[in-house]
Amino acid sequence: QVQFVESGGGSFQPGGSLRLSCASSGIHVDYYAIGWFRQAPGKERERVACISSVPVNTYYTDSVKGRFTISRDSAKNTVYLQMNSLKPEDTAVYYCAARVWGAAYASACASEASDFGSWGQGTQVTVSS
């Protein structure tokens, strides 16, 4: 059974930094596309970043480009989201998930949350002064 566990959230000040972790079990993060998403109250879940399998490509939503970095650690089977220059509008619950294609997992990134599955429970990030 595929499972993702997010961690690293909390309360942070604007301009600060944090790193979220997404620990995977059941599939290896090297072989499938993994996405980070966020959902703020009253808003739809949006893709923040995604890292594909091979070739390795990374994708970011415009609002986080230059501030967030997605990466993975093969040995730890974990995907990270480094978040710098935090803004209050980054406040949301952050989730990770694997790209799915039908009944299988896929290696290429996609933009929509409906293209991802095996969602983690999420971790809350609050940015305020």
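Numbers here simply count residues along the sequence, with the first being 1.
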Measure up the Phe68 and Tyr94 rings against each other and bin them: parallel (under 30°), tilted (30 to 60°), perpendicular (over 60°).
-> tilted
Could you tell me whether the side chain of Ser114 and the main chain of Glu112 form a donor-acceptor pair under 3.5 Å?
-> no
Quick one: do Phe37 and Val127 end up in the same hydrophobic cluster if we chain Ile, Leu, Val, Met, Phe, Trp and Tyr together by side-chain heavy atoms under 4.5 Å apart?
-> no
Yes or no on side-chain hydrogen bond (donor to acceptor under 3.5 Å, both in side chains) for Asp30 and Ser74, after CA distance, side-chain angles and deciding distance?
-> CA-CA 6 Å; Asp30 282 358; Ser74 300; 2.7 Å; yes
Provide the closest heavy-atom pair for Val100 versus Phe116 in the form atom of the first, atom of the second, distance.
-> CG2-C, 3.9 Å
For the student: nearest non-hydrogen atoms of Thr78 and Ala23, plus distance | OG1-CA, 3.8 Å
For the hydrophobic clusters of this structure (ILVMFWY residues joined by side-chain heavy atoms under 4.5 Å, transitively), does one cluster hold both Val29 and Tyr31?
-> yes
So which heavy atom on Ala49 is nearest to which on Tyr60, and how close?
-> CB-CD2, 3.7 Å
Thr61 vs Glu46, side chain to side chain contact (heavy atoms under 4.5 Å, CB included): CA-CA, chis, key distance, verdict = CA-CA 9 Å; Thr61 192; Glu46 67 165 345; 4.2 Å; yes
Would Gln82 and Ile70 count as a side chain to side chain contact (heavy atoms under 4.5 Å, CB included) if you check the C-alpha gap in whole Å, the side-chain angles of each, and the deciding distance to 0.1 Å?
-> CA-CA 6 Å; Gln82 178 67 41; Ile70 189 171; over 6 Å; no
Determine yes or no for a side-chain-to-main-chain donor-acceptor pair under 3.5 angstrom, with Asn77 supplying the side chain and Ser24 the backbone.
-> yes
About how many Å separate CZ of Arg38 and CE of Met83, when rounded to the nearest 0.5 Å?
-> 7.0 Å
Does any non-hydrogen side-chain atom of Arg47 lie less than 4.5 Å from one of Cys109?
-> yes
Mind listing the closest non-hydrogen atom pair of Cys22 and Trp36 along with its distance?
-> CB-CZ2, 3.4 Å
Backbone of Tyr95 reached by a side-chain donor or acceptor of Arg45 within 3.5 Å | no
Any Lys/Arg nitrogen of Lys87 or Asp90 sitting under 4.0 Å from an Asp/Glu carboxylate oxygen of the other?
-> no
For Tyr59 and Ser52, does a side-chain donor sit closer than 3.5 Å to a side-chain acceptor?
-> no
Do other residues, nucleotides or ligands put more than 12 heavy atoms under 6.0 Å from Gln3 CD?
-> no
Compare all side-chain heavy atoms of Leu86 with those of Leu18 and state whether any distance is below 4.5 angstrom.
-> yes
Tyr80 side, atom OH; Leu20 side, atom CG - distance, nearest 0.5 Å = 11.5 Å
Validation row: Pro88, Pro14 side chains within 4.5 angstrom (heavy atoms) = yes
Is there side-chain contact between Tyr32 and Ser107, with heavy atoms separated by less than 4.5 Å?
-> no
Ala108 backbone acceptor or donor facing Arg99 side chain under 3.5 Å | yes
Sub-4.5 Å side-chain heavy-atom contact between Ile34 and Phe4 | yes
Give the cluster check for Val93 versus Trp119: same hydrophobic cluster or not, with ILVMFWY residues linked at side-chain heavy-atom distances below 4.5 Å.
-> yes
Mark yes or no for whether Thr123, through its side chain, and Gly9, through its backbone, hold a donor-acceptor pair below 3.5 Å.
-> yes
Donor-acceptor contact below 3.5 Å, side chain Glu6 vs main chain Gln121 | yes
Step-by-step side chain to side chain contact (heavy atoms under 4.5 Å, CB included) determination, Ile51 to Val56 = CA-CA 7 Å; Ile51 184 166; Val56 179; 4.0 Å; yes
Considering only heavy atoms from C-beta outward, does the side chain of Ser128 approach that of Phe12 to under 4.5 Å?
-> no
Around atom CD of Glu89, are there more than 12 heavy atoms of other residues, nucleotides or ligands at under 6.0 Å?
-> yes
